[in-house]
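In the text below, chain A, chain B and the rest are named by the order of the sequence lines, each starting its count at 1.
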Amino acid sequence: MPELPEVETTRRRIAPFLVGKRVEEIVTTGPSYFFLTSPAALRRSLVGRRIESLDRAGKYLVAGLDRGARLLLHLGMTGQLFSSEATSVRLLSATARASLPPEAQPRFEPDEHTHLQITMEGEGPKVFFRDVRKFGKVQWLASGEENARLDRLGTDALELTGEELFRANRRRRVTIKGMLLDQSVTAGVGNIYADEALFIAGVRPGRAAQRVTRRECEAIALALHRVLGRSIETGGSSISDYVAPDGSDGGYQDERKVYGRRGEACLECGDAIKRRIIAQRSSHYCARCQR
DNA sequence: ACCGCACCCTGAGCGC
DNA sequence: TGCGCTCAGGGTGCGG
């Protein structure tokens with residue numbers, strides 16, 4: 001689900017509800033590996049603290065709190081971070097969806113997948129973190145506490161240069177797609193935007209990273225910036241679960257050129273888009289346009 | 001050090 | 001309708 005553009009869109013739109021305010025109360029589900037910090041410990045640490053900033057590191061959201069503490073959030077595959085005022089059918093189960101009248105603006109009620117509910121002081125809405133598959137993460141970091149997950153992250157994909165990618169490629173025996181998905185090489189790229197950027201750059205996802213030229217690396221870096229930047233402009237891709245904090249859908253899914261288009265005509269040459277497993281992920285490409 | 005794989009979980013969609 | 005199967009945009013930890 002959420003890759004860099006979805007996380008960035010989430011950051012921008014949820015920040016006004018959090019930043020500059022104090023946490024008044026939280027409600028959580030029970031202990032699970034979703035909570036790297038246990039719900040009880042999280043409550044003890046978080047309640048009463050003031051949120052001073054909300055940043056993004058790769059696909060992580062990092063809330064900066066008073067006295068130097070940090071709260072780490074990761075949306076995993078199906079995580080949704082949104083305001084209690086959001087209305088969207090994406091926040092409902094298929095069965096609940098089916099029983100709705102066509103023009104309904106369904107109001108979300110916290111369910112068993114809503115693992116964290118944050119009430120801020122003042123009049124604003126609550127903030128909900130819902131995650132059906134529980135691949136998301138919540139972790140409290142005390143002042144000065146290091147974190148391996150953050151330290152591992154490579155250059156943010158919006159900053160990646162072709163030269164940097166080229167140099168990283170030389171030491172590795174994986175495919176170029178595997179390199180783009182490796183968060184320690186470049187942070188923020190997931191399956192969709194890797195496929196989209198490689199299409200724009202004209203490089204097949206299955207190419208050995210070592211055999212991608214410097215020039216092609218430049219093209220890939222440029223394509224990443226373009227694709228990620230454009231997706232942020234349109235509010236991200238809403239392909240299955242992703243929903244912005246206000247409940248709105250992103251727009252980038254309508255601009256996809258290869259992802260999820262298996263068998264459809266390539267928008268450049270008309271050949272059928274192919275799909276196969278590369279780097280353990282379903283990968284989409286045009287065999288004529290990508291070399 | 002690097003690489004591929006199993007695994008964490010739930011739900012949707014498919015063929016039968 | 002219901003069952004069993006496959007698949008899903010992420011990341012970690014393990015053994016080879």
Arg133(A) meets the side-chain hydrogen bond (donor to acceptor under 3.5 Å, both in side chains) criterion, sequence neighbours left out, with none
Separation of dG11(B) P from Asp241(A) CG (nearest whole Å): 11 Å
Can you tell me the distance, in whole Å, between the CD1 atom of Ile277(A) and the C1' atom of dT6(C)?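 It is 11 Å, rounded to the nearest whole Å.
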Which residues pass the side-chain hydrogen bond (donor to acceptor under 3.5 Å, both in side chains) test with Glu24(A), not counting sequence neighbours?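 Glu24(A) satisfies side-chain hydrogen bond (donor to acceptor under 3.5 Å, both in side chains) with no residue once adjacent residues are dropped.
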Is the Phe34(A) ring parallel, tilted or perpendicular to the His115(A) ring (thresholds 30°, 60°)? tilted
Using a heavy-atom cut-off of under 4.0 Å over every strand shown, decide if Ser282(A) touches base, sugar-phosphate, or nothing. sugar-phosphate
Provide the distance between the two P atoms, one in dA1(B) and one in dG11(C), to the nearest whole Å. 22 Å
Who are the salt bridge (Lys or Arg N to Asp or Glu O under 4.0 Å) partners of Arg11(A), not counting sequence neighbours? Glu8(A)
Is any side-chain heavy atom of Arg149(A) less than 4.5 Å from a side-chain heavy atom of Leu36(A)?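 The answer is yes, as the side chains (C-beta and beyond) meet within the 4.5 Å cut-off.
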The criterion is ring-ring contact (aromatic ring centres under 6.0 Å, His included); which residues satisfy it with His113(A), sequence neighbours excluded? none
Just how far, in rounded Å, is P of dC9(B) from CD of Glu112(A)?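 Whole-Å distance recorded here is 15 Å.
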When you look for runs of 3 or more Watson-Crick or G-U pairs in a row, both distances below 3.5 Å, which of them include DNA chain C? B:2-8 with C:10-16, B:10-16 with C:2-8
Residues two or more places apart in sequence or in another chain: which of them pass salt bridge (Lys or Arg N to Asp or Glu O under 4.0 Å) with Glu52(A)?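 So Glu52(A) forms no salt bridge (Lys or Arg N to Asp or Glu O under 4.0 Å) with any residue.
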Readout for nucleotides 11-16 of chain C: B = base within 4.0 Å of protein heavy atom, S = sugar-phosphate only, - = neither; 5' to 3' it is SS----
Rounded distance in Å - CD (Gln253(A)) to P (dA8(C)): 18 Å
Applying salt bridge (Lys or Arg N to Asp or Glu O under 4.0 Å), can you list everything that pairs with Glu218(A), at least two apart in sequence or on another chain?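 For Glu218(A) there are no salt bridge (Lys or Arg N to Asp or Glu O under 4.0 Å) partners, ignoring immediate neighbours.
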Rounded to whole angstrom units, what separation is found between the CG atom of Leu75(A) and the C1' atom of dC9(B)? 16 Å
Salt bridge (Lys or Arg N to Asp or Glu O under 4.0 Å) involving Glu164(A) - partner list, sequence neighbours excluded: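 With neighbours one apart ignored, the set is empty.
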List, by chain and then residue number, the residues other than Ile277(A) in its hydrophobic cluster (Ile/Leu/Val/Met/Phe/Trp/Tyr, side-chain heavy atoms under 4.5 Å); write none if there are no others. none
Each nucleotide N or O in nucleotides 1-5 of chain B that has a protein N or O under 3.5 Å away: list the pair and distance.
unit_1, atom_1, unit_2, atom_2, d
dC3(B), OP1, Arg173(A), N, 2.3
dC3(B), OP1, Val174(A), N, 3.4
dC3(B), OP2, Arg172(A), NE, 2.5
dC3(B), OP2, Arg172(A), NH2, 2.8

If I take atom CG in residue Asp195(A) and atom P in nucleotide dA8(C), what distance separates them, rounded to the nearest angstrom? 11 Å
Please state how far atom CZ in Arg133(A) lies from atom P in dT10(B), giving the value in whole angstrom units. 10 Å
Please confirm whether the shortest side-chain N or O distance from His113(A) to OP1 or OP2 of dC9(B) is below 4.0 Å. no
Does any pair with a residue in residues 200-211 of chain A pass side-chain hydrogen bond (donor to acceptor under 3.5 Å, both in side chains), and if so which ones, sequence neighbours excluded?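 Every side-chain hydrogen bond (donor to acceptor under 3.5 Å, both in side chains) pair that includes a residue of residues 200-211 of chain A, provided the two are not neighbours, is Arg207(A)-Glu216(A).
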Starting at atom CG of Asp131(A), determine the distance to atom C1' of dC8(B), rounded to an integer number of angstrom. 11 Å
